[in-house]
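Throughout, protein chains are lettered first and strands after them, A, B, ... in sequence-line order, and every chain is numbered starting at 1. In this text the structure is predicted, and so the values were computed from the model without any measurement.
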Number of protein chains: 2
Amino acid sequence: MTREAKRDDALLQFVEKLALGLANMGWQRMAARVFAALMVTDSGRLTAGELAELLSVSPAAISGAVRYLEPLGLIARERVPGDRRDSYRVVDDMWYASFLKQDRMLKLWVDTASEGIDVLGASTPAGKRLAEMRDFFEFFAEELPLLFERWHARRLKAQYADGVD
Amino acid sequence: MTREAKRDDALLQFVEKLALGLANMGWQRMAARVFAALMVTDSGRLTAGELAELLSVSPAAISGAVRYLEPLGLIARERVPGDRRDSYRVVDDMWYASFLKQDRMLKLWVDTASEGIDVLGASTPAGKRLAEMRDFFEFFAEELPLLFERWHARRLKAQYADGVD
DNA sequence: TATTATCTTCACAAAGTTGTGAAATCAGTG
DNA sequence: CACTGATTTCACAACTTTGTGAAGATAATA
């Protein structure tokens with residue numbers, strides 16, 4: 001096996017490892033594989049055909065996967081004018097997207113807990129338990145944006161130090 | 001339908017709603033239902049038999065669910081001396097448990113990203129992308145415990161204000 | 001407007017997951 | 001130590017999810 005083949009092999013193996021982790025987090029399996037493939041591609045951009053080839057799946061599977069990833073803001077679809085093929089790339093600030101998703105989720109939990117309090121009664125022990133759940137998620141929904149801002153600031157500083165523009 | 005029956009009905013419906021949300025987060029379905037049932041029970045404690053009855057499932061299903069929840073620290077198994085039945089209750093500080101789980105997960109992501117950097121080379125564009133992923137998760141792994149401490153402090157204060165001991 | 005490359009949709013088959021019933025195991029009690 | 005109620009294990013069936021192939025839609029060229 002050539003040096004290049006070996007690297008490709010290790011690379012594909014890593015794609016699967018990354019994808020498996022994402023799948024365990026609740027992502028659709030194919031979406032996880034597509035995202036992982038884009039992550040490990042230097043240009044960060046692949047066409048639907050290239051993705052199908054790389055992952056040994058049908059174009060239909062790619063189609064389904066990108067339909068899941070795009071609305072989440074984790075990948076972007078792009079089309080070079082004069083090219084018939086769509087291509088996909090990982091979004092630059094994808095961690096921001098994943099954070100936004102978290103945020104929406106936390107707010108949903110706050111609503112669910114509130115609904116439960118209505119059913120159970122705020123003064124019952126179970127109602128109080130749900131109120132604590134609601135407060136917990138409310139707290140995180142408030143704090144997470146601040147935390148993310150700090151991450152962003154740190155990142156900008158690191159890039160400046162590295163001389164990246 | 002009596003007043004009580006109506007409340008029970010609304011309660012069971014809420015159990016399913018809560019459970020569905022947890023299931024969408026990646027929990028096993030039955031584990032989510034068991035946890036939800038314990039959450040809405042005033043005493044916060046039910047026997048395996050009561051859970052099976054309440055959720056209309058076999059004891060075997062309960063067995064499987066608690067085997068998932070207990071190691072996560074979300075519920076505790078208890079046995080009143082002189083009783084043959086196990087009972088389960090939601091853990092007092094369950095949000096702490098869920099946070100700890102998050103923390104372990106973040107560290108796993110840091111490891112996965114590092115492995116990817118080894119495969120791709122730290123100086124390649126894809127390697128740099130993974131380094132950013134690693135840094136992101138490392139940042140959160142550091143910050144989350146601090147955030148949780150603040151939540152805990154706020155909670156203690158609220159309990160003091162309420163006169164809860 | 002016809003042609004062709006590309007992508008999407010949909011019915012279905014393969015694979016995976018989940019809960020059941022029955023048998024086995026475990027732990028109190030007489 | 002046998003009895004009995006409770007829980008667990010395991011093979012299997014029901015149900016879900018996932019990816020495929022083929023047909024249909026879309027968009028760039030001629």
S.K.: Listed in order of residue number, which residues of residues 28-40 of chain B have a non-hydrogen atom at under 4.0 Å from DNA chain C?
M.R.: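 Contacting residues: B:Arg29, B:Met30.
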S.K.: Along DNA chain C, 5' to 3', what are the outermost nucleotides having an atom less than 4.0 Å from a heavy atom of chain B?
M.R.: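 Counting from the 5' end, contacts occupy C:dT18 to C:dT29.
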S.K.: To the nearest 0.5 Å, how far apart are CZ in B:Phe35 and CG in B:Leu22?
M.R.: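 So the gap between those two atoms works out to 6.5 Å.
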S.K.: Specify the separation, in whole Å, of atom CZ of B:Arg67 and atom P of D:dT8.
M.R.: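 Roughly 8 Å, once rounded to whole Å.
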S.K.: Between B:Arg129 and A:Asp42 (side chain of the first, backbone of the second, donor and acceptor by atom type, cut-off under 3.5 Å), is there such a pair?
M.R.: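 Present.
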S.K.: Using Watson-Crick and G-U wobble pairs whose two distances are both under 3.5 Å, how do you write the pairing of DNA chain D as dot-bracket, with | for links to another strand?
M.R.: ||||||||||||||||||||||||||||||
S.K.: Working to the nearest 0.5 Å, report the span between CD1 of A:Ile117 and CZ of A:Arg134.
M.R.: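 With rounding to 0.5 Å, CD1 (A:Ile117) is 4.0 Å from CZ (A:Arg134).
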S.K.: Please list, chain by chain and in numerical order, all residues satisfying ring pair (Phe, Tyr, Trp, His ring centres under 6.0 Å) with B:Phe139, sequence neighbours excluded.
M.R.: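 In terms of ring pair (Phe, Tyr, Trp, His ring centres under 6.0 Å), with neighbours along the sequence ignored, B:Phe139 is linked to A:Trp151.
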S.K.: Considering only residues two or more places apart or on different chains, which pairs with a residue in residues 145-156 of chain B satisfy salt bridge (Lys or Arg N to Asp or Glu O under 4.0 Å)?
M.R.: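 Salt bridge (Lys or Arg N to Asp or Glu O under 4.0 Å) check on residues 145-156 of chain B returns A:Glu132-B:Arg155, A:Glu143-B:Arg150, B:Asp93-B:Arg155.
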S.K.: Taking ring-ring contact (aromatic ring centres under 6.0 Å, His included) as the cut-off, I'd like each qualifying pair that reaches into residues 38-82 of chain A, sequence neighbours left out, listed once.
M.R.: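 Matches after skipping sequence neighbours: none remain.
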S.K.: Restricting to pairs with a member in residues 15-28 of chain A, which pass side-chain hydrogen bond (donor to acceptor under 3.5 Å, both in side chains), not counting sequence neighbours?
M.R.: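 Listed by first then second residue: A:Glu16-A:Arg33, A:Lys17-B:Glu115.
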S.K.: Can you list the residues that meet the side chain to side chain donor-acceptor pair (under 3.5 Å) rule with A:Arg89, with sequence neighbours excluded?
M.R.: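 A:Glu78.
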S.K.: With nearest nucleotide decided by heavy atoms, which residue, B:Trp27 or A:Ser87, maps closer to the 5′ end of DNA chain C?
M.R.: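 Its nearest nucleotide being more 5', the pick is A:Ser87.
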S.K.: Taking for each residue the nucleotide of DNA chain C with the nearest heavy atom, is it B:Pro59 or A:Tyr88 whose nucleotide lies nearer the 5' end?
M.R.: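 The residue whose closest nucleotide sits nearer the 5' end is A:Tyr88.
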S.K.: Could you tell me which non-hydrogen atom of A:Thr47 sits nearest to which non-hydrogen atom of A:Glu50, and how far apart they are?
M.R.: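 A:Thr47 and A:Glu50 have their closest heavy atoms at N-OE1, 2.8 Å.
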S.K.: In whole Å, what is the span from the CD1 atom of B:Ile62 to the P atom of D:dT7?
M.R.: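 Roughly 10 Å, once rounded to whole Å.
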S.K.: Nearest-Å distance, OH (A:Tyr68) to C1' (D:dG19)?
M.R.: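 Atom OH in A:Tyr68 sits about 17 Å away from atom C1' in D:dG19.
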S.K.: Where along nucleotides 21-30 of chain D does protein come under 4.0 Å, by heavy atom, of base (B) or sugar-phosphate alone (S), with - for untouched nucleotides?
M.R.: B------BS-
S.K.: Run the side chain to side chain donor-acceptor pair (under 3.5 Å) test against A:Asp86 and tell me which residues pass, sequence neighbours left out.
M.R.: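 Applying side chain to side chain donor-acceptor pair (under 3.5 Å) to A:Asp86 gives A:Arg77, A:Arg79.
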S.K.: Return the set of residues passing ring pair (Phe, Tyr, Trp, His ring centres under 6.0 Å) with A:Phe137 (not counting sequence neighbours), or none when no residue passes.
M.R.: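 With sequence neighbours excluded, A:Phe137 shows a ring pair (Phe, Tyr, Trp, His ring centres under 6.0 Å) to A:Trp109, B:Trp95, given in chain and number order.
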S.K.: If you round to the nearest 0.5 Å, how far is CG of B:Leu54 from OG1 of B:Thr41?
M.R.: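 It is 6.5 Å, given to the nearest 0.5 Å.
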S.K.: Does A:Asp111 have any side chain to side chain donor-acceptor pair (under 3.5 Å) partners at least two apart in sequence or in another chain, and if so, which?
M.R.: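 A:Asp111 satisfies side chain to side chain donor-acceptor pair (under 3.5 Å) with no other residue.
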